[in-house]
Number of protein chains: 2
Amino acid sequence: MLRLTKRTEYGLIALVHMAELAAARPAEAEAEVISARAIGDIFPVPKRMLAEALKHLQQGGILESTRGVRGGYRLSRPADQVSLGEIVSILEGPPTLTSCAGLGAASSDGGCDVEPVCPIRSPLARLRTGIWTLFEGVTLQALADRSADPTGLFSATG
Amino acid sequence: MLRLTKRTEYGLIALVHMAELAAARPAEAEAEVISARAIGDIFPVPKRMLAEALKHLQQGGILESTRGVRGGYRLSRPADQVSLGEIVSILEGPPTLTSCAGLGAASSDGGCDVEPVCPIRSPLARLRTGIWTLFEGVTLQALADRSADPTGLFSATG
DNA sequence: GAAAAGAGCACTAAACTAGTGCTGATTAAA
DNA sequence: TTTAATCAGCACTAGTTTAGTGCTCTTTTC
């Protein structure tokens, strides 16, 4: 039912928390690292899964990691330069909607028998683009600003 | 990865096909019924799964069924009065995005330990609304019009 | 009747998800 | 130099979901 995985949820919780910490700091101050353990102590989520998510986010370039005692993670970019699309894409791949509507188009269509006569391929591909656009337009900053509408669809500027 | 199920795909294929048939007919003409077998003969999809999808769509009120020889299904409403949101909602439930962000809000939150301190509940609920709005805004008619943008997000009127 | 078609229930196999176990590498601090 | 905190990597299990099939029953036209 168009659901994000738990790992993505945990990753998002951690990222939003880091963005909130950053917002509470003077803009010039360097971001301090925060360990997976520390985040897991704050939010009652399975610590190992949380660590998995953080690891992936590091590999995806959203987080920087420091190892060893007093190590941890921090955002590698300001929160307003990280999109939800990028986060979700790293943690569970880009939204595909259907098996045949991958971003790369033709490459992933090999296995679909319907493709030559499929009446929904093209419209669903456009719909997927719409969803993707929505995700790309939501920044981590917007997610962390709890009172705001992250999509911008319902605010005055829309 | 935010993917629709196969059953939903098959249901959409059938519905779009019916909408195309309707478009090729004079507006006043009554829609003829088309059997699950006939649709399955046109598109190379598992016939039984297709039948499952059609059955659900009938139960959901989008299709009318006629039993017996020469029976089958037809749209119970014009294609421009059926939204993709309604279709998806019938075939796999409304998009929830996260386990705790159900449409009914509080009722489905019982099992979430994070809820009291969750930093992403509210923003994700708004994002879910955005996706839902997108789905609600796409009509079956728009899906059947292959050259058009079903979301309306990228057309001149947007 | 016979055959075509939908309605309903139950079942299996494969894939995915959530979560855990364990070991290794790196680094600050005692 | 030892210790402990922390990230990094691999593999494994159990539960759930998804895809697809089997079978029977009812309805309706011919």
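Protein chains get the first letters and strands the later ones, always in sequence-line order, with residue 1 at the start of each.
K47(B) has its NZ atom 12 Å from the P atom of dA5(C), to the nearest Å. Rounded to a whole Å, the CZ atom of R70(A) is 13 Å from the P atom of dC7(D). We find that NE2 of H56(A) is positioned 10 Å from P of dC10(D), with the value rounded to whole Å. Rounded to whole Å, the distance from CD on E52(A) to P on dA11(D) is 13 Å. For L91(A) and dC16(C), the CG to P distance is 17 Å, given to the nearest whole Å. Atoms CG (L54(A)) and P (dA8(D)) sit 9 Å apart, rounded to a whole Å. One atom, CG of L4(A), and another, P of dC16(C), lie 17 Å apart when rounded to the nearest Å. In this structure, the CG atom of D113(A) is 14 Å from the C1' atom of dG20(D), given to the nearest Å.
Across all strands shown, A36(A) has heavy atoms under 4.0 Å from sugar-phosphate atoms exclusively, and none from any base. No contact: E92(A) has no heavy atom under 4.0 Å from any strand. Across all strands, G71(B) comes closer than 4.0 Å only to sugar-phosphate atoms, never to a base (heavy-atom distances). Residue E64(A) is out of contact with every strand shown, counting any heavy-atom pair closer than 4.0 Å.
For T5(B), taking side-chain heavy atoms from C-beta onward, the closest of the listed nucleotides dT17(C), dA8(D), dA19(D) is dA19(D). For S65(A), counting side-chain heavy atoms from C-beta on, the closest listed nucleotide (dC7(D), dG20(D), dC30(D)) is dC7(D). Closest approach to the Y10(B) side chain among dG20(D), dA7(C), dG8(C) is made by dG20(D) (side chain taken as heavy atoms from C-beta onward). With dA19(D), dG19(C), dA4(D) as the candidates, the nucleotide lying closest to the side chain of M49(B) is dA19(D). Of the candidate nucleotides dC7(D), dT21(D), dA5(C), dA5(C) has the atom nearest to the side chain of S35(B).
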* Asked: Going through the checks in order, is the salt bridge (Lys or Arg N to Asp or Glu O under 4.0 Å) test met by R3(A) and E92(A)?
  -> CA-CA 11 Å; R3(A) 186 177 288 193; E92(A) 55 188 275; over 6 Å; no

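Between R74(A) and E32(A) there is no salt bridge, since none of the side-chain N atoms of the basic residue sits less than 4.0 Å from a carboxylate O of the acidic one. Ion pair R25(A)/E30(A) not flagged as a salt bridge, since none of the NZ, NE, NH1 or NH2 atoms sits closer than 4.0 Å to an Asp/Glu carboxylate oxygen.
Judged by distance alone with a 3.5 Å cut-off, a donor-acceptor contact links the side chain of R67(A) to the base of dA25(C). For dG8(C), its base sits under 3.5 Å from the side chain of K55(B) at one donor and acceptor pair at least.
Between the side chain of T8(B) and the main chain of L4(B), no donor-acceptor pair closer than 3.5 Å is present. Judged by distance alone, with hydrogens and angles left aside, the side-chain atoms of R7(B) form no donor-acceptor pair with the main-chain N or O of A53(B) at under 3.5 Å.
Note on Q59(B): a side-chain N or O is less than 4.0 Å away from OP1 or OP2 of dG8(C). For the pair R48(B) and dG20(D), the criterion of a side-chain N or O lying under 4.0 Å from OP1 or OP2 is not met. Residue Q58(A) has no polar side-chain atom (N or O) positioned under 4.0 Å from OP1 or OP2 of dC7(D). Contact check, Y73(A) against dA8(D): a side-chain N or O comes under 4.0 Å of OP1 or OP2.
When the nearest nucleotides of DNA chain C are assigned to P46(A) and G68(A) by heavy-atom distance, the more 5′-ward of the two goes with P46(A).
Linking ILVMFWY residues whenever their side-chain heavy atoms come closer than 4.5 Å, directly or via other members, leaves V69(A) and I39(A) in distinct clusters.
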